[in-house]
Structure formats: structure tokens, C-alpha cells
Amino acid sequence: MTASSVDISGNLRRRLGLPLLVLYGTGITIGAGIYVLIGAVAGHAGAYSVWSFLLAALVMGLTVASYAEMATRYPVSAGEAAYVRAAFNSRLLSTIVGLLTLCTGVVAAGAVTLGSVGYIRQFVDLPPPVIVVAVVMSLGAIAAWGILESVVLAGVFTVIEAGGLAWIILAAIWHMPSFPSALVAFPPMNAAALSGIAYASLLAFFAFVGFEDLANVVEEAKVPHRDIPRAMVLTLLITSVLYILIAAISITAVPTDRLTASPAPLSLVFRTVTGMEPVPLNVIAVVATLNTVLAQMTMAARVIYGMSRQGDLPRLLSRVHASTGTPVIATGLVMLSVIALALAFPIERLATGTSVATLATFAMVNLSLLCIRARHVHSVERHVRIPIWVPILGFLTCLTMIGVAIA
């Protein structure tokens, strides 16, 4: 890399409007969740999987609101680290939270990379490690190419993967009219059922990871104070509806043991509901999972960039390529980290680890907002303002779910 090809000032380009931001957030979320983890959620919650997704969505909704205020108060990359620094004036705590956010993105990308392998192997009989390396290297190259190019591609992927879920839903409405009963099946009030739902909600929570990535592309949004909050809310609403419907269809169409054991669970659901061979769905699932890996890698690179700009990581990592407008060195570091994790750990451990790390980060974001509001910190940026009870409940629910995970 020559000196002339690097922008030492490190300024990112504002190229993203609301439609691309919504497609970006929705695409990450769908690929991370329903295509990969529906079997694992059903393995713990069984016929009550819908409740796990609903519980995860409610917890996520509180934190979405807190992020909307914080991301507009402090519209910078590595947002979580900036929020904590503004609230507690602690560089150490800010660095810890920034690194936690970075780890969340990298581990999530590793988990979804493994999820993609099960679908890709429906088409090519290659060893999983070869597929992992090929996927991450290819998507890393796209992420380094440019933010607009990455998000446009992610947007195309999102339309395709949402279309796959819509196909299943429409087929179920036509051929399997009994599935709505799963939407209103109340669980028995006993410890076994409720603990299964609670633990499955932790895995389902991973399925909603994605909206917070929008906070880390805020410097590339055209109108951040308006579009970032709207994109976060729309992402949560769209994915919640899709997840709850697909969960109801899946547990109605396929026995839980088969759903749990399958490396490509939605393929079974598609075959049962439509009566067709699942080749189209497998193609869509590959697109969905690759979309999430691309977006998580893009986000993680922006966190490294932002922390480097704040002085928490070496300055070298904030260098932006003059032609692509992307942090190419940070992107390369993320690629290597994702490959290492995907080759070293199974998917459920990565998913659970991502959920716990994400919940810890979300708890700190909610607590930071409470601290800033208590101290009446003024922000010169145009920002949204939420009721104070929202971050209080957001903080408490995040702590509760962390307790469920480690109990």
C-alpha cells in the first residue's frame, strides 16, 4: 500500500440513505437468526419457540430505543465506546466496551460463517475449513471495496433472503392453515417449560443481533439524526414479524428432533410446507448467511476504525484507503479473526457467547444513557429523546438474560 492510496485524515464518506440502512440492518438480522438457529431454539423451547422469539424481541426493543437516542447524541463509529466515555469519563471502561463490541461482531461473523457451511455443502462437497476460508476471504474483499458497494450488495441479499421467508409463509398460509395455533399456544407454568423458553430466548436474542450495527455506520449515513433511529425501529419490526411467523410454521411442520438435528433446518421446513425440493431455499439461505457475515465484518472494521481514531487502538488501524473510502487494514484484521474463530469453535458456543457479550454491551449502553440523563449532559447534535423508564427496563432485562445464560 502506497502513501498516496491512504487517507491519513481517516474521514469516512456519507453515502447511505434510509432505504439502504434498513436493508443493511434487516439483512444482518435475518441471516444471523432464522436461517441458522431455528433448530437450536426449537431444541430448547419446543412447541413454544414463538415465545422465545417474542421475549427476545421485547428485550431488544427497549435497547433499540436507548441506541436511537445515544447514536444521535454521539454519531460516531465505535459508538458504544463513545457512549461509555461520555457517561463515565473513563478511557479504560470505554476501551473495554469497545473491545467487547468488536468481539461481538467478530464472533457473530464466525458463528454465521459456520451456519453458511451447512447450506453451501448442499451444493459443493468441500471440507468445511475450505469453505470457511473461501467465504470469509471473498466477503472481506467486498467489505474493503467500499461501504456503498458493500451495503448495496447487502441490500440485494436482503431482498432475496426476505423473499425466501415470504415464500415459506405464503405456502404455509395456503397449504398448512393450522400453523396460527402455534402463535397462541401458551406454555405450561412449570419450571421445565419456562426455563427452556428462557434459555432458547438467549439463542433467539442472537437472531436479533444486527440493529446495533447501524450505530457503527452512523458516520456514513447521509442524515444520521433522522435515518438511524428510523432504520433501527424498522429493522426490529420487520424481523420480529418474520421470525415469529417462521417459528410458528417450523414447529408445526417438522418434528422438533428432526429440526434440531438438521444442519440446514429451514430446508426441511421448506420441503414440508411446499412439497418441493429445497434447492431454491438452500440458495437463498446461502445468500442470507453470507449477507450477515459481510455486514458483521463491515461493522467490526468500523469499530476498530473508531477506536483507533479515539486513541484506544494503534493509529495505523484508522487509515482509510483513498480510493475505496474504507478502513482496509482494520478489515484485514477482522477477516483473520473471523477465520480463526470459525475454525476453532462450534456454532452454538459462538452464538451463546455472542448473545452474552451483546447483552453486556447493551446493558452498558442503557446504563450510559441513564448516567448522561442524570447528569443533564448537553449534546450539540440533533437527537431523539426517549422516556427514562425505557433505559431502566432495558438495563434490568439485559442483566436478567445474562443471569439466565450463566445460571
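Everything numeric in this text was worked out from a predicted model, so none of it was measured.
Here the straight-line distance linking atom OG1 of Thr72 with atom CE of Met232 works out to 8.5 Å at 0.5 Å rounding. If you take OG1 on Thr400 and CG on Leu359, they are separated by 10.0 Å, rounding to the nearest 0.5 Å. Taking CE from Met70 and CG from Leu369, the interatomic distance works out to 5.5 Å, rounded to the nearest 0.5 Å. One finds the OG atom of Ser201 at 10.5 Å from the CG atom of Leu54 (value rounded to the nearest 0.5 Å). To the nearest 0.5 Å, the span separating NE2 on His383 from OH on Tyr74 amounts to 8.5 Å. The distance from atom CE of Met60 to atom CE of Met401, rounded to the nearest 0.5 Å, is 8.5 Å.
Residues Ile120 and Val135 are in side-chain contact: their nearest non-hydrogen atoms beyond the backbone lie under 4.5 Å apart. A heavy-atom distance below 4.5 Å is not found between the side chains of Thr331 and Tyr305. Annotation: side chain of Leu266 is in contact with side chain of Ile246 (closest heavy-atom distance under 4.5 Å). Using a 4.5 Å heavy-atom threshold, the side chains of Leu245 and Leu183 count as touching. Between Ser94 and Asp312, the closest side-chain pair of non-hydrogen atoms falls below 4.5 Å. The side-chain heavy atoms of Met335 and Met297, taken from C-beta on, include a pair separated by under 4.5 Å. Looking at Ser178 and Thr252, their side chains come closer than 4.5 Å, going by heavy atoms from C-beta outward. Looking only at side-chain heavy atoms (C-beta outward), Pro391 and Ile386 come within less than 4.5 Å of each other.
For residues 268-291, every residue pair satisfying the salt bridge (Lys or Arg N to Asp or Glu O under 4.0 Å) rule, not counting sequence neighbours, is listed here: Arg271-Glu277. Residue pairs meeting the salt bridge (Lys or Arg N to Asp or Glu O under 4.0 Å) criterion with at least one partner in residues 48-69, sequence neighbours excluded, are Glu69-Arg73, Glu69-Arg373. For the salt bridge (Lys or Arg N to Asp or Glu O under 4.0 Å) condition, no pair includes a residue of residues 226-253, sequence neighbours left out. The ring pair (Phe, Tyr, Trp, His ring centres under 6.0 Å) analysis of residues 174-193, with sequence neighbours excluded, yields the pairs Trp51-Phe186.
A pairwise comparison of heavy atoms in Ile249 and Ala172 identifies CD1-CB, 3.5 Å as the closest pair. Of all non-hydrogen atoms in Ile251 and Gly46, the two that sit nearest each other are CG2-O, 3.5 Å. Residue Ala171 comes nearest to Thr274 through the heavy atom pair CB-CG2, 3.6 Å, listed as atom of the first residue, atom of the second, then distance. The two residues Gly110 and Ala342 come nearest to each other via the heavy atoms O-CB, 3.8 Å. Across every non-hydrogen atom of Ala200 and Val41, the tightest pair is CB-O, 3.7 Å. Between Ile197 and Ala45, the shortest heavy-atom distance links the atoms CA-CB, 4.2 Å.
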Distance-only donor-acceptor pairs under 3.5 Å for side chains of residues 254-262, two or more places apart:
unit_1	atom_1	unit_2	atom_2	d
Thr260	OG1	Gly39	O	3.3
Thr260	OG1	Gly43	N	3.4
Thr260	OG1	Thr256	O	2.8
Ser262	OG	Ala264	N	3.0
Ser262	OG	Ala264	O	3.2

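Counted within 6.0 Å of CE on Met137, heavy atoms from surrounding residues, nucleotides or ligands total 12 or fewer; the atom is thus considered open. The environment of Phe345 atom CZ is sparse: at most 12 non-hydrogen atoms of other residues, nucleotides or ligands sit within 6.0 angstrom.
Of the possible donor and acceptor atoms, one in the side chain of Arg375 sits under 3.5 Å from a partner among the backbone N and O of Ala87. Between the Thr63 side chain and the Gly394 main chain, no donor and acceptor come within less than 3.5 Å of each other.
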Please step through side chain to side chain contact (heavy atoms under 4.5 Å, CB included) for the pair Ile238 and Val22, ending with a clear verdict. CA-CA 10 Å; Ile238 292 167; Val22 173; 4.1 Å; yes

Begin from the C-alpha positions of Phe53 and Ser240 and carry the test side chain to side chain contact (heavy atoms under 4.5 Å, CB included) through to its verdict. CA-CA 8 Å; Phe53 282 104; Ser240 296; over 6 Å; no

Carefully, step by step, assess Val279 and Gln122 under the rule side chain to side chain contact (heavy atoms under 4.5 Å, CB included). CA-CA 8 Å; Val279 174; Gln122 306 294 314; over 6 Å; no

What do the steps show when you test Ile339 against Leu343 for side chain to side chain contact (heavy atoms under 4.5 Å, CB included), and what is the final call? CA-CA 6 Å; Ile339 290 172; Leu343 295 179; 3.8 Å; yes

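Tyr67 and Phe362 have their aromatic ring centers within a separation under 6.0 angstrom.
Listed by chain and number, the residues in a ring-ring contact (aromatic ring centres under 6.0 Å, His included) with Phe270 are Trp167 (sequence neighbours excluded).
Among the candidates Val106, Val303, Val84, Val365, the single residue satisfying the side-chain contact (heavy atoms from CB on, under 4.5 Å) test with Thr101 is Val303.
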